[in-house]
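Below is one structure, written out as structure tokens; comments come after it.
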Amino acid sequence: MSSDTWLVAGLGNPGPGYAGNRHNIGQMVLDELANRAGSKFKTHSSRAQIIQGRLGVGGPRVVLAKPMTYMNLSGGPVANLAKFFNIGLDNLIVVHDEIDIPFDTIKLKRGGGEGGHNGLRDISKAMGSKDYLRVRTGVGRPPGRMDTADWVLQDFSKSEKQSLPFLIDNAADAVELLMSQGLEAAQGKFHTS
């Protein structure tokens with residue numbers, strides 16, 4: 001594949017027991033992108049499920065990927081796919097949960113710290129750089145003194161589930177806008193209220 005191909009990795013944990021967790025919002029967004037593409041994920045030798053194709057009519061070539069390792073080990077599958085498809089850091093987008101922004105909010109950035117997110121830390125280590133694009137999907141901070149790990153490994157609340165489809169849809173839109181118009185345009189749309 002050429003350098004105009006994008007790799008979009010949606011982070012989460014494997015298995016049905018984790019499917020509705022806050023930590024799995026990245027994979028939920030990838031499922032929405034797969035639905036838009038009219039495709040189904042297939043297992044790849046890199047320990048990920050992938051879809052290859054285009055987003056939209058005449059849209060960019062893309063590899064959608066859901067690592068099938070646990071969150072903290074996401075780096076291996078992402079780095080292996082980037083190498084296999086010859087995709088550089090400039091065309092890597094990671095979609096993940098973010099506790100440092102409120103639920104139902106999307107922020108985008110390139111590089112920077114991982115904010116204690118072990119999935120991002122593992123990807124940065126495996127890629128040898130933090131300079132990739134991120135679609136940060138807000139799940140909010142845990143209430144009171146609840147442990148962060150316990151919070152992200154819980155399913156969304158009943159009230160959150162009502163607006164979750166809109167959050168997933170917006171995050172998928174953010175991925176598509178990143179690929180078609182770039183980071184600044186995507187930030188301009190999603191960083192305003």
Side-chain angles (χ1 to χ4, degrees), residues 1-16 18-44 46-69 71 74 77-82 84-85 87-98 101 103-110 117 119-120 123 132-139 156 160-161 163-183 185-187 189-191:
M1 292 202 168
S2 66
S3 62
D4 66 341
T5 301
W6 291 84
L7 172 59
V8 182
L11 301 190
N13 284 311
Y18 295 102
N21 290 178
R22 289 178 180 89
H23 225 15
N24 274 46
I25 189 76
Q27 291 195 358
M28 294 175 197
V29 173
L30 268 279
D31 288 337
E32 170 60 21
L33 289 168
N35 188 44
R36 292 178 183 188
S39 299
K40 296 193 182 299
F41 284 95
K42 295 181 177 137
T43 301
H44 189 268
S46 63
R47 294 180 299 157
Q49 291 183 338
I50 70 165
I51 293 172
Q52 297 178 66
R54 292 192 183 276
L55 288 180
V57 177
R61 292 191 55 75
V62 66
V63 177
L64 302 176
K66 298 192 304 186
M68 291 292 97
T69 57
M71 175 72 79
S74 299
V78 171
N80 289 339
L81 286 168
F84 184 86
F85 291 106
I87 298 170
L89 281 172
D90 287 344
N91 284 29
L92 170 60
I93 300 171
V94 177
V95 185
H96 63 91
D97 60 307
E98 178 64 65
I101 58 177
F103 174 75
D104 210 15
T105 303
I106 296 167
K107 299 285 184 185
L108 302 103
K109 72 175 186 175
R110 178 182 293 281
H117 196 295
L120 292 177
I123 290 170
Y132 49 89
L133 292 161
R134 299 145 193 221
V135 176
R136 305 162 64 213
T137 310
V139 297
F156 288 96
E160 289 171 332
K161 285 179 183 175
S163 55
L164 185 59
F166 301 104
L167 177 61
I168 291 168
D169 195 54
N170 284 338
D173 288 347
V175 169
E176 291 184 334
L177 194 59
L178 265 177
M179 291 187 289
S180 65
Q181 296 183 31
L183 179 60
Q187 287 175 327
K189 178 171 182 179
F190 289 97
H191 288 201

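The backbone N or O of P67 lies less than 3.5 Å from a partner atom in the side chain of Q27, making a donor-acceptor pair. A distance-only check finds a donor-acceptor pair linking the side chain of R54 to the backbone of G59 [under 3.5 Å]. For H23 (side chain) and D97 (main-chain N/O), no donor-acceptor pair under 3.5 Å exists by modelled atom type.
Between A186 and L177, the shortest heavy-atom distance links the atoms CA-CD2, 3.6 Å. The shortest heavy-atom contact between A37 and L55 is CB-CD2, 4.2 Å. Annotation for G138 and I101: closest pair CA-CG1, 3.5 Å, computed over non-hydrogen atoms. Between L30 and A65, the shortest heavy-atom contact is CD1-N, 3.6 Å. Taking each heavy atom of S39 and I51 in turn, the nearest pair found is CB-CG2, 3.6 Å. In terms of heavy-atom proximity, A9 sits nearest to V78 at CB-CG2, 3.8 Å.
Residues forming a side-chain contact (heavy atoms from CB on, under 4.5 Å) with P60 (at least two apart in sequence, or on another chain): W6, M179. R134 meets the salt bridge (charged side-chain N to carboxylate O under 4.0 Å, His left out) test with no other residue; sequence neighbours excluded. With sequence neighbours excluded, no residue satisfies ring-ring contact (aromatic ring centres under 6.0 Å, His included) with F41. For the side-chain hydrogen bond (donor to acceptor under 3.5 Å, both in side chains) test, residues two or more places apart in sequence or in another chain that qualify with D31 are K66. Taking the salt bridge (charged side-chain N to carboxylate O under 4.0 Å, His left out) definition, one finds that D90 meets it with R110, sequence neighbours left out. Under the salt bridge (charged side-chain N to carboxylate O under 4.0 Å, His left out) criterion, R36 pairs with E32, D169, D173, E176, not counting sequence neighbours.
Residues K107 and F190 have side chains not in contact (no heavy-atom distance under 4.5 Å, counting atoms from C-beta outward).
Here CD of Q187 is found 6.0 Å from CG of L108. Values are rounded to the nearest 0.5 Å. A distance of 7.5 Å separates CG of N170 from CG of D104, quoted to the nearest 0.5 Å. Of the inter-residue distances, the one linking L133 atom CG with N91 atom CG reads 8.5 Å to the nearest 0.5 angstrom. Note that OH of Y132 is 9.0 Å distant from NZ of K109, once rounded to the nearest 0.5 Å. Rounded to the nearest 0.5 Å, atoms NZ (K189) and CD1 (I106) are 9.5 Å apart. One distance of note links CG of L11 with OG1 of T69; it measures 8.5 Å at 0.5 Å rounding.
Relative orientation of the H96 and H117 rings is perpendicular, given thresholds of 30° and 60° on the angle between their planes. Ring planes of H44 and F84: perpendicular class, angle over 60° (limits at 30 and 60°).
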Q.
Evaluate L178 against V175 for side chain to side chain contact (heavy atoms under 4.5 Å, CB included), listing each step before the verdict.
A. CA-CA 5 Å; L178 265 177; V175 169; 5.6 Å; no
Q. Yes or no on side chain to side chain contact (heavy atoms under 4.5 Å, CB included) for F85 and L7, after CA distance, side-chain angles and deciding distance?
A. CA-CA 9 Å; F85 291 106; L7 172 59; 5.7 Å; no
**Q.** Step-by-step side chain to side chain contact (heavy atoms under 4.5 Å, CB included) determination, M28 to T137
**A.** CA-CA 11 Å; M28 294 175 197; T137 310; over 6 Å; no
